[in-house]
Amino acid sequence: MPELPDVEVFKGYLDATALHQEITDVAVRSRQVLGNVSSQKLTDHLEGRRFESTRRHGKYLFVHLDSGRWLVLHFGMTGFLKYFKAMDDEPAHARLLVNFANGYHLVYDSQRKLGEVDVTEDIQKFIEKKKLGPDALDPDLDFDAFSKAFFKSRAMVKSALMDQQLVAGIGNIYSDEILFQAGVHPRTKVARLGEEEKRTLFDAMKEVLQVAIEHRVNSEEFPSNYLLPHRRKGEECPRCHGEIDTIKISGRTAYYCPRCQQQ
DNA sequence: ACATTGACCTGAGAGC
DNA sequence: TGCTCTCAGGTCAATG
């Protein structure tokens with residue numbers, strides 16, 4: 001799940017549920033998801049504190065503690081959050097359990113343990129250390145700011161969109177949708193994009209991510225000309241009704257329409 | 001500098 | 001039913 005739009009939805013979920021309550025205790029169910037923090041340190045940082053607010057950069061969610069530190073959550077391929085009361089409702093792969101004084105619990109679940117839980121004092125420093133580029137939906141990221149790094153890339157456009165150092169937040173799924181909306185073939189070299197195509201690509205990036213968030217990431221409710229609801233083998237293109245094709249790009253499967261997205 | 005591959009992990013689904 | 005194989009929305013390191 002977790003690309004930028006998914007993480008933005010998780011952010012809204014956490015904001016609506018788990019803020020301002022005292023954390024009584026926490027349980028680290030899997031140390032493998034911990035970044036540069038030990039189980040003991042994480043516990044010490046959280047217990048007795050409250051979550052006060054959240055921020056997102058790319059695929060990372062930062063949760064501000066009343067101590068001034070930030071809990072960092074990255075969701076890998078399978079991560080999500082769940083807030084619940086009865087322990088019967090605990091999800092199957094809880095890796096971090098946070099218990100609140102009001103009797104509710106927040107779980108960070110990650111089946112494949114590919115995500116990361118960490119603590120940082122300074123978001124900016126964390127972002128620099130991870131070498132993350134600008135957040136794709138940052139309002140300050142206009143076309144000129146985006147162009148600075150992105151169009152210098154010599155990579156294929158799908159790889160560039162997924163490169164978190166160039167622009168943060170886009171993964172395999174949404175890069176496919178952005179390229180479909182822009183009518184650009186995923187193997188196109190960034191350097192070969194024309195001026196108009198560059199604009200179109202940038203606009204599609206902003207539009208697709210925004211639309212996904214507006215529909216709370218539920219692809220069934222996406223506009224009828226979107227690829228994602230049809231992103232399966234043998235399905236047809238919502239625009240030309242030809243067959244969707246797949247190719248491998250840097251080990252990931254790209255879905256695209258060979259007629260609407262010519263190289 | 002970039003593309004590819006495998007590793008990290010676990011589980012779902014397909015095919016036999 | 002049970003086994004094996006392949007694949008999965010991410011990232012990192014090694015190799016060509």
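Here is the naming used below: chain letters follow the sequence lines, and residue numbers restart at 1 for every chain. A quick note: this is a predicted structure, and the numbers were derived from the prediction, not measured.
Across dT4(C) and dC9(B), the matching P atoms stand 22 Å from one another, rounded to whole Å. With P as the reference atom, dC5(C) and dG6(B) are 16 Å apart, rounded to whole Å.
Contact annotation for T253(A): backbone-only contact, meaning every heavy-atom pair under 4.0 Å involves sugar-phosphate atoms and none involves a base. E116(A) comes within contact range of no nucleotide atom at all, as no heavy-atom separation falls under 4.0 Å. Residue contacts shown for M162(A) are absent, as no nucleic acid heavy atom lies under 4.0 Å away.
Between E90(A) and R29(A) a salt bridge is recorded (basic side-chain N to carboxylate O distance below 4.0 Å). For E195(A) and K198(A), the salt-bridge test passes: some basic side-chain N is under 4.0 Å from an acidic carboxylate O. Salt bridge status for K82(A) with D109(A): absent, with no side-chain N to carboxylate O gap under 4.0 Å. Classification of R199(A) and D203(A) as a salt-bridged pair fails, no side-chain N sitting under 4.0 Å from a carboxylate O.
Checking dC9(B) for Watson-Crick or G-U wobble geometry (two distances, each under 3.5 Å) identifies no partner in any strand.
Contact check, K59(A) against dT11(C): a side-chain N or O comes under 4.0 Å of OP1 or OP2. For dG9(C), the OP1/OP2 oxygens have a side-chain nitrogen or oxygen of R231(A) closer than 4.0 Å. OP1 or OP2 of dC9(B) sits under 4.0 Å from a side-chain N or O of Q32(A). For dT11(C), one of the phosphate oxygens OP1 or OP2 lies less than 4.0 angstrom from a side-chain nitrogen or oxygen of H74(A). Within the 4.0 Å cut-off from OP1 or OP2 of dA3(B), not a single side-chain nitrogen or oxygen of K158(A) is found.
By the salt bridge (charged side-chain N to carboxylate O under 4.0 Å, His left out) test, K59(A) pairs with no residue at all, sequence neighbours left out.
Atom NZ in K233(A) sits roughly 8 Å away from atom P in dC7(C) (whole-Å rounding). Separating the CG atom of N172(A) from the C1' atom of dT11(C) is a distance of 13 Å, rounded to the nearest angstrom. Taking atom NE2 on H57(A) and atom C1' on dG10(C), their separation rounds to 16 Å, with Å as the unit. Counting to the nearest Å, the P atom of dC9(B) and the CG atom of L34(A) are 13 Å from each other. The distance from atom CZ of R252(A) to atom C1' of dC2(B) is 17 Å, rounded to the nearest whole Å.
In the hydrophobic clustering (ILVMFWY side chains linked at under 4.5 Å, chained through shared members), M162(A) stands by itself.
Along DNA chain B, the nucleotide nearest L114(A) and the nucleotide nearest S250(A) are compared for position; the residue whose nucleotide lies closer to the 5' end is S250(A). Nearest-nucleotide mapping onto DNA chain C: of K130(A) and G251(A), the residue sitting toward the 5' end is G251(A).
Put simply, the side chain of T188(A) gets close to the backbone of H185(A): a donor and an acceptor are under 3.5 Å apart. A distance-only check finds a donor-acceptor pair linking the side chain of R56(A) to the backbone of G58(A) [under 3.5 Å].
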Using a cut-off of 4.0 Å between protein heavy atoms and nucleotide atoms, how would you tag nucleotides 11-16 of chain B 5' to 3' with B, S and -?
S-----
